[in-house]
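Take a look at the structure below.
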Amino acid sequence: VFGVTENPLVVFTSNMFAIMGLRSLYTILSKAASDLEYLEPAVAIVLGFIGGKMIAEYFGYKLATEIALAVVVTLLGGGVGLSLYAKGQREEEEEGD
């Protein structure tokens, strides 16, 4: 969370919601990860971006929170969208055969 913002309210609430919600969502997320083949690479790129952002902030370069969130949402949305597109293409090819 500190990779996106340093606002203590956002950090605290996001951690609390993560603790409360991720346990119940784990089964859904594990199913989604197995169905969405490009989700894991998208998450890996997001983690790399956040790590790079944190290193850049250490050296004094600040990236606006809005931009960081836009990059994260775009990458995750792209991973999900590409997975759904690829799944649709495979189903279309199976129907055509």
Side-chain angles (χ1 to χ4, degrees):
V1 176
F2 283 114
V4 177
T5 184
E6 293 180 9
N7 184 339
L9 177 66
V10 173
V11 173
F12 177 75
T13 55
S14 67
N15 285 330
M16 287 306 296
F17 283 124
I19 291 168
M20 292 185 306
L22 285 183
R23 253 188 186 174
S24 61
L25 290 176
Y26 177 75
T27 55
I28 296 170
L29 292 175
S30 65
K31 176 82 169 111
S34 66
D35 288 346
L36 303 172
E37 63 183 298
Y38 295 109
L39 184 60
E40 286 185 24
V43 170
I45 295 170
V46 166
L47 292 175
F49 168 74
I50 295 297
K53 181 182 179 298
M54 292 175 77
I55 291 170
E57 284 182 355
Y58 176 78
F59 290 108
Y61 178 76
K62 299 288 183 186
L63 185 65
T65 302
E66 294 83 10
I67 294 172
L69 287 174
V71 169
V72 169
V73 168
T74 301
L75 288 170
L76 292 177
V80 170
L82 188 58
S83 296
L84 294 175
Y85 177 75
K87 184 178 179 181
Q89 290 293 90
R90 280 193 303 276
E91 288 174 358
E92 210 173 271
E93 288 176 4
E94 290 173 1
E95 288 175 4
D97 290 339

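Residues take their numbers from the sequence shown, with the count starting at 1. Please read these numbers as outputs of a predicted model, since none were measured by experiment.
- Taking the side chain to side chain donor-acceptor pair (under 3.5 Å) definition, one finds that E37 meets it with R90, sequence neighbours left out.
- Residues I67 and L47 are members of one and the same hydrophobic cluster, defined by side-chain heavy-atom contacts under 4.5 angstrom among Ile, Leu, Val, Met, Phe, Trp and Tyr.
- Rounding to the nearest 0.5 angstrom, the gap separating the NZ atom in K53 from the NZ atom in K62 is 7.5 Å.
- Taking Ile, Leu, Val, Met, Phe, Trp and Tyr as hydrophobic and joining them when side-chain heavy atoms fall under 4.5 Å apart, one finds V73 isolated, its cluster having no other members.
- Listed by chain and number, the hydrophobic cluster partners of Y38 are L82, where partners are ILVMFWY side chains within reach of under 4.5 Å, directly or through others.
- Legend: residues meeting side chain to side chain contact (heavy atoms under 4.5 Å, CB included) with L36, ordered by chain and number and at least two apart, are A32, L39, V80, S83, L84.
- Under the rule for a side chain to side chain contact (heavy atoms under 4.5 Å, CB included), the partners of E91 that lie at least two apart in sequence or sit in another chain are K87.
- For Y61, the side chain to side chain contact (heavy atoms under 4.5 Å, CB included) partners two or more places apart in sequence, or in a different chain, are A56, L63.
- Note: I50 CD1 to I45 CD1 = 13.0 Å, rounded to the nearest 0.5 Å.
- The hydrophobic cluster containing L75 does not contain I55, counting ILVMFWY residues as joined when their side-chain heavy atoms lie under 4.5 angstrom apart, directly or transitively.
- Between G79 and A42, the shortest heavy-atom distance links the atoms CA-CB, 3.9 Å.
- By the rule that hydrophobic residues join a cluster once side-chain heavy atoms approach within less than 4.5 Å of another member, V43 and M54 end up as members of one cluster.
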